[in-house]
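Taking it in order: structure first as structure tokens, then the write-up.
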Amino acid sequence: MRDWRGRLLRALGIEAAEAGQVAAGFTMFLCLFAAYFLLRPVRETMGVAGGVDNLQWLFTGTFVATLLAFPLYGAVARRVPTRAILPLVFGFFAFNLVCFALALWRWPGHIGLARAFYIWLSVFNLIAISLAWSVLVDNFSATQAKRTFGLCAAGASVGGMLGPLLAVALVGPIGHAGLLLASAALLLASTVAAGTIRRDAAPAAAPREALGGNPFQGAIDVARSPYLLGIACFMVLLATVSTFLYVEQARLIDLRFPDRADQTRVFGTLDALVQTLSVLGQVFITGRVARRLGLGVLLVAVPLVTVGGFLWLALAPGFAVLAVVMVLRRAGEYAFVRPGREMLYSVLSPSAKYQAKQFNDTVVYRGADAVSAWLKTALDTLTQQPAVAMIGGAACALLWAVNGGWLARRQRALASKLNRCSQISCGRRLG
């Protein structure tokens, strides 16, 4: 039995002492992403119901809601111990889901409610996922991150596969309101798994004190650090590329599939394909690429592939081509880009991991979402040629690749400096 376990650990590239934490990280992401992707097809259907021509307003509303949520999150992060941040935030979101479920039972076709839920879920997913990664980054060293983050992220992909399949299977029997209650239960299960990660962590890797500062500390830290500003630029370009493709997807699906249930099934099927490819990459490729080829490959490969995808869409626009590009880009993001960009924070302070990271992952990302949605709408309106926006997307993806390469080099330099400082500190203690 031990030989079998040892062979499995060697095949996965992790050490025996890390196995429990990796399993807990896998479970945390599985439950969180199952909760989110159970709701994602519902959100997309409600976004279409609110009018494809109004998506830029939904993106703007999401950005405004994010601006309001950020200082509230900052107030929590500065006052409570780090171990309590995730349970408080996830518990609040689960309560929100119960309230939305009751409202949907009472007013199932209300357009205002559909738009409110769309905005809420768009804020929830960034805050919740970013916070889960903060817990992971806070409990694994930079060296461990290269070995373990791909495997933990595989839980996200398994959850991402499970969620859409549950949505497709259950939307008929229990309706949209029932899906929201199921999601709330999964979110609470994710909270339990996150607690296990902290319990298994070394005391030095799991600070328990409150972070202090002010509710806007994350924004202040980003403004003062060229490295964090570089990550913010990475988020802007990522959001721009994603939004251009997202708006085009909504337009084409609205034309091709007018029935709401069909739309939910299409969105769910695309999500299931994305997560199937993602989990294969995360388990068998991500860790090996990070260890052997370096962080730069994780941050640059997908943007370069996306450049080709945009150019393909410019030459051959259509739903089938868009579906292929969306699946490949999103699968690459989950398998390569997401673990890679989280590794960028592994060399930073706890404040950066919980506050600056939230600012970049929420306010910066959603601000870029809103601006790029209006830009895509303006390009389509003025030119009447979707290919123009696709060429613009290709240019953004190219800049994204260049930025990713620079960040990988800076992270490597900061990791080397951190290791040298740790060795000096250890030498002083031993002396």
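Note that this is a predicted model, so its numbers are computed, not measured.
Here the closest heavy-atom approach between residue N360 and residue A232 is recorded as OD1-CB, 3.2 Å. Residue A401 comes nearest to V300 through the heavy atom pair O-CG2, 3.5 Å, listed as atom of the first residue, atom of the second, then distance. When every heavy atom of A35 is checked against every heavy atom of S183, the shortest pair comes out as O-OG, 2.8 Å. What you find for F336 and V297 is that their closest heavy atoms are CD2-O, 4.4 Å. The minimum heavy-atom distance between A394 and L311, with the atom names listed, is CB-CD2, 4.0 Å. Between A128 and L32, the shortest heavy-atom distance links the atoms O-CD2, 3.8 Å.
Between T148 and Q144, the side chains place no donor N or O within less than 3.5 Å of an acceptor N or O (distance only, hydrogens not considered). Checking K357 against S130 by side-chain atom types alone, a donor-acceptor pair falls below 3.5 Å. Checking D369 against T62 by side-chain atom types alone, no donor-acceptor pair falls below 3.5 Å.
Checked by atom type and distance alone, the side chain of T243 pairs as donor or acceptor with a backbone atom of A239 at under 3.5 Å. S346 places no side-chain N or O within donor-acceptor distance of the main-chain N or O of E342, the cut-off being under 3.5 Å. Without hydrogens or angle criteria, T306 side chain to G309 main chain gives no donor-acceptor distance under 3.5 Å. Side-chain atoms of S190 come within 3.5 Å of backbone N or O of M28 as a donor-acceptor pair. For Q358 (side chain) and I127 (main-chain N/O), a donor-acceptor pair under 3.5 Å exists by modelled atom type. Under a 3.5 Å cut-off, the side chain of R366 and the backbone N or O of A65 do not form any donor-acceptor pair. Counting only distance, with no hydrogens or angles, the side chain of S134 and the backbone of K353 share a donor-acceptor pair below 3.5 Å.
Taken to the nearest 0.5 Å, the CZ atom of F26 stands 9.0 Å off from the CG atom of L151. Atom CG in L348 sits 9.5 Å away from atom CG in D221 (nearest 0.5 Å). Once rounded to the nearest 0.5 Å, the distance linking CG of L97 with CG of L181 reads 8.0 Å. Remark: L299 CG to I231 CD1 distance equals 9.5 Å, nearest 0.5 Å. Separating the CZ atom in F149 from the CG atom in L298 is a distance of 12.0 Å, to the nearest 0.5 Å. To the nearest 0.5 Å, atoms CG (L228) and CD1 (I220) are separated by 13.0 Å.
Ring orientation note: the planes of F33 and F37 are close to parallel, at an angle under 30° on the 30°/60° scale.
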Query - side chain to side chain contact (heavy atoms under 4.5 Å, CB included) assessment of F100 paired with F95 - result: CA-CA 9 Å; F100 270 116; F95 173 73; over 6 Å; no
Report task. Please report the C-alpha distance between F117 and L39 in whole Å, then the side-chain angles of each, then the deciding distance to 0.1 Å, and finally whether the side chain to side chain contact (heavy atoms under 4.5 Å, CB included) criterion is met. Result -> CA-CA 10 Å; F117 179 76; L39 301 178; 4.3 Å; yes
Requested in this report: Check the pair N125, W120 against side chain to side chain contact (heavy atoms under 4.5 Å, CB included), reporting the backbone distance first and the verdict last.
Outcome: CA-CA 9 Å; N125 80 309; W120 178 89; over 6 Å; no
Requested in this report: Go through the steps to decide whether Q249 and L270 satisfy the test side chain to side chain contact (heavy atoms under 4.5 Å, CB included), and finish with yes or no.
Outcome: CA-CA 11 Å; Q249 172 188 259; L270 290 176; 3.8 Å; yes
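Under the ring-ring contact (aromatic ring centres under 6.0 Å, His included) test applied with F124, the options F93, F92, Y73 reduce to a single match, F93.
A salt bridge links D361 and R341; the closest N-O separation between the charged side-chain nitrogens and carboxylate oxygens is under 4.0 Å.
Looking only at side-chain heavy atoms (C-beta outward), I174 and L179 come within less than 4.5 Å of each other. In this structure, the side chains of L322 and E248 come closer than 4.5 Å at one or more pairs of heavy atoms. For the pair E333 and S242, the minimum side-chain heavy-atom distance is below 4.5 Å. Side-chain contact check for R338 versus I129: some heavy-atom pair is nearer than 4.5 Å. Looking at C152 and V22, their side chains come closer than 4.5 Å, going by heavy atoms from C-beta outward. With contacts defined as side-chain heavy-atom distances shorter than 4.5 Å, the pair F29/L136 qualifies. Considering only heavy atoms from C-beta on, F70 comes within 4.5 Å of F216 through its side chain. L344 is listed as a side-chain neighbour of L295, based on a closest heavy-atom distance under 4.5 Å.
The aromatic ring centroids of W133 and Y345 lie 6.0 Å or more from each other.
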